[in-house]
Amino acid sequence: LAQSLIAGLLLSGLLATGIQPAVILRPQTSVAAPAQSALRRLYEQGERALGENRLADAERAFRQILAIEPQDPGAHANLGVIAMRRKQWQAALRELKESERLAPAVSGVRLNIGLTYYSEGDYDAAATAFESVIRDDPASTQAHYLLGMCYFFREEYAGTIGQLEPLWSTQSHNLGYLYVLAVAADETGQHETEERAARQLAEVGENSPMLHLLMGKADLQRQKTGEALNELELADRGNPKLPFVHFYLGVAYRRQNQFAEAKAEFLEDSKIDPQVAYTYDELGAVCAYLQQSSEAETYYRKALQIDPRLASSLYGLAKLLIGRQDYKEALLSLEKAQALDPQSASVHYLKAKAFGGLGRREEAQTELATVARMQKTVRDDLARQVSGAAIPNPDLEQH
């Protein structure tokens, strides 16, 4: 619920640490002395290039190391970092996990594995990685911060406070930290912590556009749409190019069923940062409400091109496909959505409609029975997101 806003704003405290090469002491190698000298030279070249963000040169050096010593964990780790900087998350995971296999005791590798999962929005896997880092290095500020953020996105607010509140002495200047802590405290009824974080947020924010953006987002979280619009409009007047201010204005207008106004705001946000999948997901939703089906499909597909794991876009696309009786492709989209959110009764309901359209009545009845059972026992988070009841967090998720 991750570039743009929080790189310099909401996650500034975290990102000050950056994505760094994992520090690994290379094990003694059995290669001959001349090869050892070549390895040292290549390491120096690769680390220098990486420090200067010359990624192609760095990759070339580390791959040459692996040609000499294929079991070198440091080369794999740094190739993982290069892939992270390129936002090639699956390639990063392959290299980092190979490094972890070769050097399981190095917590820095697991921290980067967690960051990679976090960047993909897989907060369960990310949390597992950060928890393992904390077991080995309880003083790791990055791991505690990131774990607290994972808990926040999973709506485990007590856990969020447990991880973030002890970081107050180093993070209380960070607007994103204060915002998340205040929201989590509000959700858990810890009013003293909430008030403390809110006071500090106002003091650090100094009536800035960013402060108004955060306050507006907090009002959206509390279902206070009118107050949110007032704050977000102040943010917009102060800095109309502020990343995500138009996104949350769009969310507020959508909440009030002002879909044309919402569409205009989301389009404005897409001009500021054209690589945010959530923006196109919201555009798909409002265009669907406006019965602009062709545009809605285009925006959903654009969102999925950026983030194939965005279940709400898979769902929205499937709904459009069912509307034009393309049941087979709709089922493919719904299977992907179900894999990402197996607890969504809404997905099973659409699957029933698709099966029904194909004349597969028995499978349709099975899906409807699943819907009836799940509606009694499971909260449908995807339905909340699709309806606009849940607030997406593209600003907090991107870095």
Side-chain angles (χ1 to χ4, degrees), residues 2-3 7 11 14-27 29 39 42-151 153-154 306-309 340 397-399:
Q3 313 170 10
L11 290 184
L14 164 64
L15 297 176
T17 63
I19 297 173
Q20 301 296 334
V23 178
I24 298 179
L25 294 176
R26 207 162 24 86
T29 179
L39 287 173
L42 287 166
Y43 252 101
E44 290 171 1
Q45 292 174 3
E47 290 171 353
R48 187 182 312 113
L50 192 53
E52 296 170 359
N53 209 37
R54 292 184 286 111
L55 301 184
D57 293 339
E59 180 180 9
R60 189 177 305 110
F62 290 120
R63 292 208 181 281
Q64 288 178 325
I65 290 170
L66 292 178
I68 300 170
E69 179 56 88
Q71 300 298 303
D72 187 275
H76 283 293
N78 283 299
L79 285 170
V81 170
I82 291 166
M84 291 173 76
R85 292 190 181 178
R86 290 170 170 164
K87 299 180 176 63
Q88 298 170 343
W89 307 120
Q90 289 304 305
L93 281 174
R94 285 195 297 272
E95 295 291 352
L96 291 168
K97 287 187 174 181
E98 179 64 10
S99 180
E100 182 188 24
R101 184 184 71 81
L102 296 166
V106 180
S107 63
V109 174
R110 280 174 278 131
L111 181 67
N112 277 351
I113 288 173
L115 270 167
T116 303
Y117 280 127
Y118 183 94
S119 299
E120 287 197 307
D122 188 345
Y123 302 116
D124 292 335
T128 298
F130 298 138
E131 286 163 353
S132 77
V133 172
I134 290 169
R135 282 195 295 270
D136 291 350
D137 183 8
S140 173
T141 298
Q142 300 104 310
H144 283 290
Y145 195 124
L146 284 159
L147 183 56
M149 296 300 290
C150 288
Y151 289 154
F153 292 128
R154 296 194 323 196
I306 298 171
D307 183 0
R309 294 175 50 86
L340 294 167
E397 296 177 39
Q398 299 194 36
H399 53 83

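Along the sequence shown, the residues carry numbers beginning at 1.
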Could you go through Arg101 and Gln71, starting from their C-alpha distance and side-chain angles, then the distance that decides it, and tell me whether this counts as side chain to side chain contact (heavy atoms under 4.5 Å, CB included)? CA-CA 10 Å; Arg101 184 184 71 81; Gln71 300 298 303; 3.4 Å; yes

Where do Arg48 and Glu52 land on the salt bridge (Lys or Arg N to Asp or Glu O under 4.0 Å) test, with the steps shown first? CA-CA 6 Å; Arg48 187 182 312 113; Glu52 296 170 359; 5.5 Å; no

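Counting only heavy atoms from C-beta outward, the side chains of Met84 and Leu96 approach each other to under 4.5 Å. Residues Gln90 and Leu93 are in side-chain contact: their nearest non-hydrogen atoms beyond the backbone lie under 4.5 Å apart. In this structure, the side chains of Glu120 and Asp307 stay at 4.5 Å or more apart for every pair of heavy atoms. Contact of the Leu111 side chain with the Leu146 side chain is registered, since non-hydrogen atoms from C-beta on lie closer than 4.5 Å.
Contact detail for Pro308 and Leu340: the closest heavy-atom pair is O-CD1, 4.2 Å. Smallest separation of non-hydrogen atoms from Gly114 and Ala126: O-CB, 3.5 Å.
Between the Ser99 side chain and the Glu95 main chain, no donor and acceptor come within less than 3.5 Å of each other. Judged by distance alone, the side chain of Arg85 and the main-chain N or O of Leu50 form a donor-acceptor pair under 3.5 Å.
Residues Glu100 and Lys97 are not paired through a salt bridge, judged by the lack of any N-O separation under 4.0 Å between the basic side chain and the carboxylate.
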Quick one: side chains of residues 128-141, donor-acceptor pairs under 3.5 Å with protein atoms, not counting sequence neighbours, listed by atom name and distance.
residue	atom	partner	partner atom	Å
Thr128	OG1	Asp124	O	3.1
Glu131	OE2	Tyr151	OH	2.9
Ser132	OG	Arg110	NH1	3.2
Ser132	OG	Ala129	O	2.7
Asp136	OD2	Arg110	NH1	3.1
Asp136	OD2	Arg110	NH2	2.6
Asp137	OD1	Ala139	N	3.4
Ser140	OG	Ala143	N	3.2

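Tyr43 and Asp72 form a side-chain donor-acceptor contact under 3.5 Å, judged by distance and modelled atom types alone.
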